[in-house]
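Just dropping this structure here.
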Amino acid sequence: MSRLTEEGPGPSGPGAGTDTAAAAPGAAPAARPRRWGAGAVLQTVALVLGLGLLLGGFGLIALDYRPYAVPTGSMEPTISAGDTVLARKVDGGQVGRGDIVVFHDPTWEGGATMVKRVVAVGGDTVAYGSAEHSLAVDGKPVTEPYLAPDQLPGTPFSIQVPAGRLFLLGDNRGSSLDSRSHLEELSGTVPATDVIARVEATVWPSGHAGLRGRTVAFDALGGPVASRPGPLVPAAWASVAGAAVIVLTSLTGPVAALARRARGRR
C-alpha cells in the first residue's frame, strides 16, 4: 500500500515524502507557553497584599496626620523642646478635656502655631491656684499625673469658659505662656475653631515616651473628655507589615535558588 504522501504530485528533492517539515538550520526553538506554578501564584498574591498594606497605611497617615516641631518646653515632660509630634487633623468640636491640641490664635504670640492641653471647654468653670489642688473644673479637683514635678500653685483665679471656646494650659506650668497669661482677653480662652489638629504621638526623637495615649484625668467629670486615639497605630503597623511581607516575599526566589544549588553540589 502506497503512503498517503506519495499520492498525487508533490515536491521533489530532499525531504519529499515526509509527514512534517524540518526546522530551518539555526532557527530558534518555538517558545513554550509560561506555566504559573502554585509557588509563583502565592508569591504574586503576597506581593500584592504587602503593597496594599504598605500604601494603604502610609496613605492614611499622610492624609490624616501632620508633623509639627515643638520649639519650647512648655509641655514638658509630656513633650520636650525639639520634639516632632504627629497630630491628626480635627476641628475644635472633636476635642475634649485632656486633649493636647495644635492651634493658632491671632491674639496669642502673634498668631504663632502652639501646642497646649485643653483643660476646660465651653460652659466649664475653671479654678486655679489652690494650695491643695492646682486645678479644679466645675468645683471638682483634677489630679494631673502628666505635670512637670514641683509645680507651684500660681496666682489664684476662677473663670467661666464662654460657649464655643477652650481653656488651654501647658504641662510645664512654671514655664508656659497659656490661658493664664491672657485672662484679660475673654478669660484667656480661644475659639474652638482655632484648633488645627490633635496630638497623638511623638515621632522624633523615637525614644521619647512622654506622650502615652489619652489621659483619664478628666474622665470623672463626664462630658467631652480626652478623645480616643485615631487610626495612627493600626495604620503604622499595617505599613510595617506590608513592607515586611514585600521584603520576605522578594527573598523567597533567591533563597530557593541558593538552596537548589547547594543540593546540586552535594
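These numbers come from a predicted model, not from an experiment. Excluded from the calculations below are hydrogen atoms, water molecules and symmetry mates; all remaining heavy atoms, backbone and side chain alike, are included.
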Got a second to check how far D99's CG is from R198's CZ, nearest 0.5 Å? 5.5 Å
Under the side chain to side chain contact (heavy atoms under 4.5 Å, CB included) rule, what do H104 and I196 come out as? Steps first, then yes or no, please. CA-CA 8 Å; H104 61 77; I196 304 170; 3.1 Å; yes
How long is the span from the CG atom in L135 to the NZ atom in K140, to the nearest 0.5 Å? 13.5 Å
With sequence neighbours excluded, residues passing side chain to side chain donor-acceptor pair (under 3.5 Å) with E144: Y146, R173
R214 and D219 ion-paired at < 4.0 Å: yes
Can you name the one residue among I100, V199, N172 that meets side-chain contact (heavy atoms from CB on, under 4.5 Å) with M75? I100
To the nearest 0.5 Å, what is the distance between CG on D178 and CG on L169? 4.5 Å
According to the side chain to side chain donor-acceptor pair (under 3.5 Å) rule, which pairs have a member within residues 231-246, sequence neighbours left out? none
Name all residues meeting the side chain to side chain contact (heavy atoms under 4.5 Å, CB included) criterion together with L186; count only those two or more places apart in sequence or in a different chain, and write none if there are none. R165, T189
Which atom of K116 lies closest to which atom of S176, heavy atoms considered: NZ-OG, 3.0 Å
All heavy atoms of F103 vs all of V195, minimum pair found to be CB-CA, 4.0 Å
How are the rings of Y128 and F157 set to each other: parallel, tilted or perpendicular (split at 30° and 60°)? parallel
Only one of L60, L86, V203 passes side-chain contact (heavy atoms from CB on, under 4.5 Å) with Y65; say which it is. L86
